[in-house]
Amino acid sequence: MHKPIKYVEAAAVGAAKGTWMVFERLNRIKPNPSPKPKWSDKPLLKSYEKSKPPLGWPRSTDSLCPRCVPEIRQQILDGHLPHEVLMNEKVGEIKATIIEKNGKILMVKECPKHGKFEDVMSIDTTFSKHLEDVFPGRDIRAHNDEHLHHHGSSTVKYGRGSVLTIDLTNRCNMMCDPCFMDANQVGFVHELTWEEIKQMLDNAITIKPRRQMSVQFSGGEPTLSPYFLDAIRYSRKVGYNSVQAATNGIEFAKSFEFAQQAVEAGLRYAYLQFDGIGNAANAHRAVGNLFDVKLKAIENLHKAGCEIVPVITIVNGINNEQVGRIVKFALDNPKTISFLSFQPVSFTGRDEAVTDDRRQAQRYTLSHLAHDVKNQTGLGEPARDWFPISFMGTFSDWADLMHAGDPNNNWGQLSCGCHPNCGTGMAVMIDKETKESVPVTAFLHGDQLAKDIAKVNDAARGKFLTGLGMALCLMKNYDPFQSPTHFKLMDLLKKFDKNYNVTGRNYGKVGPDRTIDDVMKRRTADRWNFLFIAGMWFQDLFNYDFRRTEQCIIPYATQEGEISFCAYNTGVGWRNIIEKMHMTATLTKWYEEHGRHEIFAGGKKVKMEEEHVDYLKLREEIVTNELQHDLDKLGIAKTAREEKLRARDAKQKASGSGLSASGEARGPQKNDAAYNARMASLYREVVLKEKPVQSQDGFIPLGALVTPALAKPNGNGNGAHAPKPEVAEPVAGD
C-alpha cells in the first residue's frame with residue numbers, strides 16, 4: 001500500500017508532463033546563442049555541437065604494443081634515446097580493433113615484431129552499448145594550454161579535467177601488489193619541493209575552460225611529504241573548490257590530531273585505499289591489522305570533518321567477492337560513506353610483465369562490476385541504472401548556464417567529460433533512518449531526463465526559464481511509486497538544489513572558505529544520502545586506447561606539464577621517465593640524509609592511539625574470515641612477486657629435469673592434452689562460472705574445454721569472462 005502523498009505526486013507528474021509539452025514547443029522558437037562565461041574564452045557548447053570519438057563496434061583505434069613500449073621506455077631511461085621521441089614520433093603505436101565475439105567485447109591488435117594480443121573489454125554488450133548510447137559528447141576543447149599539454153600522441157585535448165593529481169612523493173609506508181607506480185622499488189626518491197608544488201597548482205588554473213577542479217594529492221603515500229598540509233592550504237588559498245588525498249590511511253589512523261590538522265588546512269575528501277571487509281580480505285597487502293587501520297582512519301577523518309571515499313582495486317580471483325560486502329558496508333553506514341570508487345585492476349607498474357594466464361584470470365572490467373553489484377547485493381540493473389561518468393556533463397552544462405551571468409563566477413561546474421569506456425556509476429538513494437535503498441534511475445528515468453535537459457540547455461534562456469525547465473524535467477521523469485517509501489518529490493528538488501546551488505539557499509558552504517560548521521550543516525540537512533557507486537577503469541598496455549587518453553579528466557601535474565592519468569602510469573610510461581629526469585636522490589643518499597621511514601610489510605601491525613569502537617556499523621555476516629581461493633584452484637599466481645618466484649623455481653627445476661636448454665619437453669610433460677583439458681575445465685568452472693558442457697553420452701568434448709585463454713595459439717592468451725554477474729569530485733552524499 002502506497003502512502004497517500006504518492007498519489008498526489010503522481011497527479012503532479014501528470015500535470016508536469018502536460019506543461020512540458022507546451023514549454024518545450026515554445027522553447028524551440030529562436031533559441032539564444034550560448035553565453036561565453038568568464039572562465040572560458042569559448043562559448044558553452046550546445047548538445048549538438050559536441051563531438052564524439054568513434055563508438056560502437058567493430059571500430060578501429062590507436063593503441064600500443066605491450067612489448068615494444070617497455071623496450072623503448074628502457075632505452076630512454078638508459079639514455080640511449082631522448083624523451084622528446086615521445087612527443088615527435090608514434091613510438092610503440094599499433095592499430096587495434098574493438099570487436100564483438102561470443103557475446104563479449106574484445107580489443108585485438110597485432111605487432112609486426114611481437115605478434116597478436118587480445119584482451120577483454122566487456123562481458124556484456126548490452127551494458128556497454130547503453131554506456132556509449134547515453135554519452136553526451138566531449139567537453140569544450142582545451143585552450144590556453146599549449147605550455148602544459150604537449151605530449152605527442154598522449155596529449156590531453158578536451159575539457160579542463162575534473163581532478164588534478166599531484167604526486168607529492170614516491171615514498172610509501174606500504175609494499176603493495178598491485179601498485180601502478182612501483183613505490184619503494186625504483187631505487188631512488190622523487191619528492192616535490194615546495195616551489196614545485198606551488199608552481200604546478202598555479203599553472204593548472206591558467207588553462208581554459210577553468211573547471212571547478214579538485215586537487216588530489218597522491219604518491220606514494222602523500223602524508224609522508226613534509227609539505228602535505230602546506231599543499232592543502234595553498235590549494236584552498238588559490239581557489240580550488242575541493243582538496244583530496246589518495247591515502248592508505250595509516251597516518252590518519254595513528255593520530256586523530258593529524259586528521260584534524262588536515263581538515264583545518266582544507267582537506268575535503270580522503271580517497272582511502274580499501275580492499276574488502278575484514279583483515280583476511282586485506283591480507284594480500286601484508287599489514288597485520290590493515291582492516292582495523294581502515295576503520296580507525298574512517299572514524300578519525302569523519303569525526304574531524306573529512307568525507308570518506310573508499311577506493312577499491314578489484315582483481316578477479318583476489319577480491320571480486322568483496323564487491324557486495326563493501327556496498328553493504330556503505331549501505332549500513334549512510335551517514336559516513338557517500339561514495340565508493342571501484343577500480344578494476346590495471347596491469348602496470350609491478351604487474352606490467354604479467355603472464356598471459358594471470359592476466360586472463362585476473363582481468364576485471366566495468367561490466368564485471370555492474371553485474372557483481374547486482375548479483376551480490378540485488379541492487380540495480382546494469383543496462384538501466386549504470387551510466388558513464390560523463391553522463392553528468394548534461395547536468396553540469398545546465399548549471400554552467402544558470403551561473404554564466406554571475407560576475408563573481410571564476411570557475412565552471414565540475415564536468416566529467418571522459419570517454420564512456422573510462423568510468424561508470426550507479427546512484428543509490430538511501431534513507432539514513434530506515435536504511436532503505438533504491439537506485440535513483442529506478443524512479444527517475446535517466447535516459448529521457450538527460451535528453452529533456454539538453455533541450456533546455458540548447459535554448460539558452462535566462463535563469464528563470466532555465467530553472468523552470470529543469471524543474472519540469474525532473475517532475476515529468478519522476479515515478480513516485482518506485483521511489484523509497486518516505487521519499488517525496490520535494491526531496492528530489494531539494495537534493496538537486498543542494499548539489500547545484502540553484503536557489504542560493506545555504507546548505508553549508510563547499511568553497512575555499514568552508515568551515516567545520518558548514519560540513520556538519522550539510523551532513524544534517526536532510527535524511528537522504530545520495531550514495532554513488534562508481535567504477536573507474538584505468539588502462540594498461542593490453543587495452544590501451546588513445547581516444548580515451550585525449551579526453552582524460554584526471555591529469556597529473558608534473559615538472560614536464562600535465563599528462564593523462566593513463567599515459568603517465570601506463571601507456572608509454574611518462575611516470576618512469578619524469579621521475580628519473582627529476583630524481584631527488586638515490587635511496588642510499590636519501591637514507592643517509594633523512595633516515596628510513598617506517599614501512600609496514602611482512603605482517604607488521606600498525607600501532608594506533610586506540611582501536612575503533614563502534615563508530616561504524618559492521619555486520620558479522622559481511623566480514624571475510626579467509627582469503628578468496630579461485631586462483632589457487634587454477635594454480636595461477638596471485639601477484640608479480642609470486643610469478644617471479646615460480647619462474648625462478650621452474651628454471652631451477654628445468655636445469656635438472658627432462659627439459660632441453662630451450663625449455664622444450666624431451667618426453668611426456670604436464671602440458672599434454674589431458675592436462676590442458678583439466679586446466680581448461682577448472683578455468684571455466686572457477687573463473688568463468690560456467691557449467692561443464694556435456695555430450696549425449698555424458699562426456700565433456702575436448703574441444704569444448706580447450707579455451708582460447710589456455711590454448712594461446714599465438715603465444716598471447718585470449719582471455720574472456722562469462723557474464724558474472726576525484727575521478728571526479730563526487731556529487732553524492734550529504
Side-chain angles (χ1 to χ4, degrees), residues 39-42 45 50-53 61-64 73 76 82-93 137-167 192 196-216 218 235 238 240 389-390 393 411-412 414-419 422-423 538-539 544-579 581-582 726-728:
W39 44 267
S40 175
D41 292 339
K42 296 182 178 181
L45 293 176
K50 293 189 175 186
S51 65
K52 295 183 179 182
T61 191
D62 298 304
S63 189
L64 291 165
R73 185 194 308 135
I76 296 173
H83 78 277
E84 287 84 1
V85 71
L86 301 177
M87 304 177 188
N88 303 318
E89 298 182 28
K90 297 182 179 295
V91 293
E93 293 187 31
R138 294 163 168 149
D139 198 1
I140 303 174
R141 196 173 180 98
H143 45 287
N144 293 352
D145 66 325
E146 294 79 7
H147 63 301
L148 292 179
H149 292 161
H150 49 73
H151 302 94
S153 299
S154 299
T155 300
V156 177
K157 298 179 181 178
Y158 296 92
R160 174 61 192 87
S162 298
V163 178
L164 180 74
T165 306
I166 298 181
D167 279 353
L192 298 181
E196 286 174 329
I197 295 169
K198 288 197 296 182
Q199 187 66 58
M200 290 176 188
L201 290 167
D202 291 342
N203 286 343
I205 59 178
T206 65
I207 298 176
K208 298 289 185 73
R210 183 194 275 185
R211 291 292 188 188
Q212 199 154 21
M213 285 185 61
S214 299
V215 178
Q216 183 172 102
S218 184
S235 300
V238 296
Y240 288 97
I389 297 290
S390 47
W411 301 75
L414 179 76
S415 185
C416 309
C418 56
H419 193 285
C422 288
F538 303 122
Q539 304 179 86
Y544 204 84
D545 184 346
F546 279 100
R547 299 295 80 74
R548 290 177 57 180
T549 305
E550 62 195 19
Q551 288 180 235
C552 182
I553 63 170
I554 44 176
Y556 270 85
T558 77
Q559 294 99 328
E560 300 296 321
E562 293 185 8
I563 306 174
S564 148
F565 186 102
C566 290
Y568 192 61
N569 291 310
T570 66
V572 295
W574 279 95
R575 173 191 288 280
N576 307 70
I577 296 163
I578 290 175
E579 288 188 348
M581 287 171 61
H582 298 276
E726 285 255 182
V727 156

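Along the sequence shown, the residues carry numbers beginning at 1. Side chains included, hydrogens not; waters and symmetry mates left out as well; all remaining heavy atoms used.
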Can you find a heavy atom in the side chain of [X] that is under 4.5 Å from one in the side chain of [Y]?
X	Y	result
Tyr568	Thr558	yes
Val156	Asp145	no
Ser153	Asp62	no
Ile553	Asp139	no
Ile578	Ile563	yes

Mind checking what makes side-chain contact (heavy atoms from CB on, under 4.5 Å) contact with [X], not counting sequence neighbours?
X	answer
Ser40	Pro37, Lys42, Ile140, His143, Pro209
Glu89	Val85, Val91
Ala204	Arg160, Leu164, Tyr240, Glu562
Ser63	Ala96, Met107, Lys109, Tyr544

Any chance you could measure [X], atom [atom1], to [Y], atom [atom2], to the nearest 0.5 Å?
X	Y	atom1	atom2	result
Tyr556	Gln216	OH	CD	7.5 Å
Gln199	Leu192	CD	CG	12.0 Å
Cys422	Ile389	SG	CD1	9.5 Å
His83	Asn576	NE2	CG	14.0 Å
Cys418	Ile554	SG	CD1	8.0 Å
His419	Cys552	NE2	SG	12.5 Å

Going by the rule side chain to side chain donor-acceptor pair (under 3.5 Å), which residues pair with [X] if we only count those two or more places apart in sequence or in a different chain?
X	result
His150	none
Asp41	Asn144, Lys208
Arg141	Tyr158
Arg210	none

Excluding sequence neighbours, so at least two apart, what forms ring pair (Phe, Tyr, Trp, His ring centres under 6.0 Å) with His149?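 His149 satisfies ring pair (Phe, Tyr, Trp, His ring centres under 6.0 Å) with no other residue.
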Would you say NZ of Lys52 has more than 12 non-hydrogen atoms from neighbouring residues, nucleotides or ligands within 6.0 angstrom?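 It does: Lys52 NZ has more than 12 such atoms within range.
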Once salt bridge (charged side-chain N to carboxylate O under 4.0 Å, His left out) is applied, do any residues pair with Glu550, and if so which ones, sequence neighbours excluded?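 Partners of Glu550 under the salt bridge (charged side-chain N to carboxylate O under 4.0 Å, His left out) test: Arg138, Lys157, Arg547.
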Under the 3.5 angstrom rule, does the side chain of Gln559 hit a backbone N or O of Glu196 as a donor-acceptor pair?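 The answer is no, because no donor-acceptor pair under 3.5 Å joins these two groups.
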Can you name the nearest heavy-atom pair linking Gly571 to Leu64, along with the distance? CA-CD1, 3.6 Å
Indicate yes or no: does Arg575 engage Asp167 in a salt bridge with an N to O separation below 4.0 Å. yes
Would you say Glu560 and His582 are linked by a side-chain donor-acceptor pair, where the criterion is simply a distance under 3.5 Å?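 Distance-only check passes for His582 and Glu560.
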